[in-house]
Every structure is written in structure tokens, then in C-alpha cells.
Amino acid sequence: MSDQLSQITQHYREILKGIGEDPEREGLQDTPKRAAKAMQYLCRGYEQSLDEIVNGALFASDNDEMVIVRDIELYSLCEHHLLPFIGKAHVAYIPTGKVLGLSKVARIVDMFARRLQIQENLTRQIAEAVQQVTNAAGVAVVIEAQHMCMMMRGVEKQNSVMSSSVMLGAFRQSTNTRQEFLQLIGRSR
Ligand SMILES: [Zn+2]
């Protein structure tokens with residue numbers, strides 16, 4: 001076991017005691033280690049970098065029309081409660097000579113989602129990363145997510161979906177561009 005893993009495992013044992021459980025009982029014997037591994041997996045975005053994710057998958061293109069990737073599944077942990085928030089991200093950009101391999105957009109979303117987050121910062125980090133990598137004329141990101149910290153505790157608002165958006169460049173400056181994007185993701189009013 002790595003130092004990091006055994007440390008987190010030990011802390012989970014303490015958490016189990018803290019909530020009044022017996023970490024030695026049969027069902028819980030391997031739980032601290034499993035939970036530690038799960039937490040490492042859910043936070044693996046810290047080990048990744050934008051360069052490594054993109055890995056040269058930038059292609060020359062004279063397309064200057066909006067590229068849009070909709071409904072990217074998103075699983076993250078809120079930094080306030082360490083509880084999941086789950087939803088979808090929609091990402092669009094307007095290329096200026098370079099396009100990004102399609103799976104890379106989803107991987108960028110994943111890298112930032114697999115860190116402790118608040119939804120607004122996650123949205124901005126994705127937008128800025130896509131901007132940085134593609135040098136796009138504009139980037140738009142919308143995230144719609146349900147937060148377990150709202151659904152399972154506190155106000156227990158089971159059906160509330162939180163929506164956040166970041167618009168950069170052309171998406172910020174041009175109402176038409178922004179509207180086109182919102183229409184394409186089914187969110188125009
Ligand atoms: Zn929370």
C-alpha cells in the first residue's frame with residue numbers, strides 16, 4: 001500500500017469510529033481501504049495536467065464554425081461537504097485554425113471534475129482550459145448538476161438542478177452566438 005493510501009485508510013477508520021461504528025465488524029473490515037481507494041479515484045484529477053490530457057491532439061482546420069460537445073457526463077465532489085454533484089456539461093468553442101480531438105473536451109471536463117470543486121469554479125476552469133488549448137475566438141460552458149449536499153442533507157431540495165455558465169470571447173460579445181449555442185443545447189427561452 002502506498003503511504004498516501006495507508007494514510008487515507010487510517011483516517012477512514014477514525015471516521016468510522018467517529019460516527020459510532022465498529023471498524024472491526026465483518027462488513028466494515030475492508031471499508032476504510034476501499035473508501036480510500038475510491039476517494040483517490042474520485043480525486044485523480046489532481047494527478048493530471050492539461051498538457052498530458054490534450055497530448056498533442058490539436059488539428060489544423062479552417063473550420064471557423066462553432067464546435068459543440070453536448071451532454072458530457074460529469075461527476076464531481078463539492079469542496080464544502082465532500083459529497084457528489086452529478087450532471088452534464090455542454091462545451092462549445094469557435095476555432096481559429098485549430099480544433100481539439102473530440103474526446104479531449106470530455107477529458108478536460110473530467111480532469112477538473114475529479115477534484116474538489118464548486119460548480120462555478122469548475123465551469124470557469126473548463127472554459128479557460130479550452131480557451132488556452134485552442135486559442136478559440138470564444139468558449140462557452142454550461143453545467144447543469146444536482147448536488148447531493150442539497151438533496152441528502154440541509155434543505156433536502158430533491159429536484160433542484162443548479163445551472164452555471166461561463167461565456168468567453170465571441171460568446172460574451174455576441175448575443176447571436178450565445179443564443180445559437182443555448183438553442184443547440186436546448187436551453188434558449
Ligand atoms: Zn456541498
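Numbers here simply count residues along the sequence, with the first being 1. Whatever order the structure lists them in is the order used to number ligands and atoms, beginning at 1. For the numbers below, each heavy atom of this structure counts, side chains included, while hydrogens, waters and symmetry mates do not.
A heavy-atom distance below 4.5 Å is found between the side chains of Q117 and F85. In this structure, I118 and L122 have side chains that are not in contact, with every pair of non-hydrogen atoms separated by 4.5 Å or more.
A donor-acceptor contact closer than 3.5 angstrom is absent between the side chains of S163 and E144.
Cluster annotation: I53 and V141 are assigned to the same hydrophobic cluster (Ile/Leu/Val/Met/Phe/Trp/Tyr, side-chain heavy-atom contacts under 4.5 Å, transitive).
Around the Zn ion (ligand 1), the protein N, O or S atoms closer than 2.8 Å are C78 SG, H81 ND1, C149 SG, listed by chain and residue number.
For K17 and E14, the salt-bridge test passes: some basic side-chain N is under 4.0 Å from an acidic carboxylate O.
The cationic atom of R178 (NZ for Lys, CZ for Arg) does not lie both less than 6.0 Å from the six-membered ring centre of F181 and within 45° of the ring axis.
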